[in-house]
Amino acid sequence: MPELPEVETARRYVHSNLLHSKVVRVEVLDPLMLERCSPKDLQDGLQGKENVGTGRHGKNLFVLFQDGALHLHLGMSGSISFHDDMDHHRPHERLRLMMENGVMILDDPRRFGRFGWVRSMDDLVASKGLGPDALSVPKEEFVRRLEGRKGSIKSTLMNQRIIAGLGNLYVDEILFQESLHPRTPLPDVPHASICGLWRSTRSVLEASIEVGTDFERLPRGYLLRQRGRGSPCPRCGSRLEAALVGGRTSVFCPECQRNCLEG
DNA sequence: GAGTATGTTATATG
DNA sequence: GCATATAACATACT
């Protein structure tokens with residue numbers, strides 16, 4: 001469930017359910033997913049504390065308290081749900097926050113997700129060396145952080161230390177919107193296209209958040225509605241192709257995104 | 001069994 | 001430091 005729009009959707013969901021509610025009890029069901037903290041650290045930070053808000057940076061979600069925050073990363077398959085019935089359970093629950101008004105569950109079949117107690121959002125962002133959040137980064141900074149790079153546009157946009165929040169699916173969408181082949185080296189991307197990438201990054205992320213990350217409800221012309229090799233390109237009808245770029249499967253239109261010199 | 005999967009990190013190589 | 005490739009992590013599904 002987890003690139004920036006999914007995490008932002010989860011944040012809003014957590015915010016509406018947890019705000020001003022107190023933590024009654026914490027159950028760490030999978031200590032392997034704890035990051036740089038013991039179950040006791042987490043319990044001490046959370047027990048009896050009132051939630052004062054939520055935050056997000058890239059794909060990282062934060063549930064805020066007076067003197068620290070619960071940091072959550074959903075990995076590849078993490079999801080969060082809230083239930084009025086404290087006895088509700090999920091098939092792969094890894095963390096349970098028993099609140100006054102119900103229970104928040106982190107469910108994650110693949111266990112690539114992580115959670116822990118941090119002093120602040122800034123601490124976590126600094127310790128991971130994350131770049132600016134993809135949704136709030138100003139155009140000038142976005143451009144500045146890309147220029148001078150030599151790698152492929154796809155690998156660069158997926159690098160969380162350069163820009164935080166974009167993953168495999170949304171980068172494919174953004175590159176499709178800008179008609180750029182995922183393998184295009186940064187030096188071959190015109191300045192105007194870099195500015196276009198910033199605009200598309202915003203519009204794609206915002207569009208997905210707006211439809212609650214339900215790809216079928218995205219506007220026409222979005223690759224994510226039918227992302228699969230062989231599907232028709234929403235713009236020209238050609239069969240979409242897949243290629244490995246930066247170790248990840250990339251879906252693109254061979255007609256609309258043919259600007260890469262090496263093909 | 002093989003191949004794939006929305007992510008991150010360590011390691012090796014140039 | 002930069003860039004690339006690979007494996008590893010742990011699990012589900014086709």
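Here is how names work: the chains are called A, B, and so on, in the same order as the sequence lines, proteins then strands, and each is numbered from 1. All values below were derived from every heavy atom in this structure, side-chain atoms included, with hydrogens, water molecules and symmetry-related copies excluded.
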Cation-aromatic face contact A/R235/A/F176, 6.0 Å, 45 degrees | yes

What's the CZ-C1' distance between A/R161 and C/dG1, to the nearest Å?
-> 11 Å

Any side-chain N or O of A/R248 under 4.0 Å from OP1/OP2 of B/dT6?
-> yes

Distance below 4.0 Å between A/H73 side-chain N/O and B/dT8 OP1 or OP2 = yes

Can you check whether A/T249's main-chain N or O pairs, donor with acceptor, with A/N168's side chain at less than 3.5 Å?
-> yes

Nearest-Å distance for atom pair CD1/C1', residues A/I153 and C/dA3 | 15 Å

Closest listed nucleotide, where the reference is the side chain of A/S155 and the choices are C/dT4, B/dA5, C/dA10 = C/dT4

State plainly whether the residues A/R56 and A/D133 are in salt-bridge range, i.e. N to O under 4.0 Å.
-> yes

Between A/H92 and C/dA10, is there a side-chain N or O to OP1/OP2 distance below 4.0 Å?
-> no

Expressed in angstrom and rounded to an integer, what is the separation of A/N60 atom CG from B/dT9 atom P?
-> 9 Å

Of A/E6 and A/E35, the one whose nearest nucleotide on DNA chain B sits closer to the 5' end is A/E6

Dot-bracket notation for DNA chain B is requested: 5' to 3', Watson-Crick or G-U wobble pairs only, both distances under 3.5 Å, with ( ), [ ], | and . as defined.
-> .||||.||||||||

Between B/dT6 and C/dT4, how far apart are the C1' atoms? Round to whole Å, please.
-> 23 Å

Under 6.0 Å between the ring centres of A/F115 and A/H71?
-> no

What does A/P2 touch in the nucleic acid at a heavy-atom separation under 4.0 angstrom: a base, only the sugar-phosphate, or nothing?
-> base

Would you tell me if any nitrogen or oxygen in the side chain of A/K150 comes within less than 4.0 Å of OP1 or OP2 on C/dT4?
-> no

Regarding the side chain of A/F112, the nearest nucleotide among B/dT6, C/dA10, B/dT8 is C/dA10

Residue whose closest nucleotide on DNA chain B lies nearer the 5' end, A/R110 versus A/K128 = A/R110

The nucleotide from C/dA12, B/dT6, B/dT8 with an atom nearest the side chain of A/L169 is B/dT6

Has A/T249 got a side-chain N or O lying under 4.0 Å from the OP1 or OP2 atom of B/dA5?
-> yes

Whole-Å distance, A/R227 CZ to B/dA5 P, equals 8 Å

Separation of C/dT11 C1' from A/D107 CG (nearest whole Å) | 12 Å

Electrostatic pair A/R144-A/E141, nearest N-O below 4.0 angstrom = no

Check side chain to side chain contact (heavy atoms under 4.5 Å, CB included) between A/S38 and all other residues, then give those that pass, not counting sequence neighbours.
-> A/K40, A/D41

C/dA5 P sits how many Å from A/L244 CG, rounded?
-> 9 Å

Rounded to the nearest Å, what distance is computed from the CG atom of residue A/L130 to the C1' atom of nucleotide B/dT9?
-> 13 Å

What nucleic acid atoms does A/R149 come within less than 4.0 Å of, heavy atoms only: base, sugar-phosphate, or nothing?
-> sugar-phosphate

Nearest atoms (heavy-atom pairs only) where A/G116 meets A/L42 = C-CD1, 3.8 Å

Whole angstrom value for the distance that separates C1' of B/dG7 from CE of A/M76 = 6 Å

Tell me which of A/G148 and A/G247 sits closer to the 5' end of DNA chain C, going by the nucleotide each one is nearest to.
-> A/G148

Hey, is A/K128 close enough to A/E35 for a salt bridge, meaning N to O under 4.0 Å?
-> yes

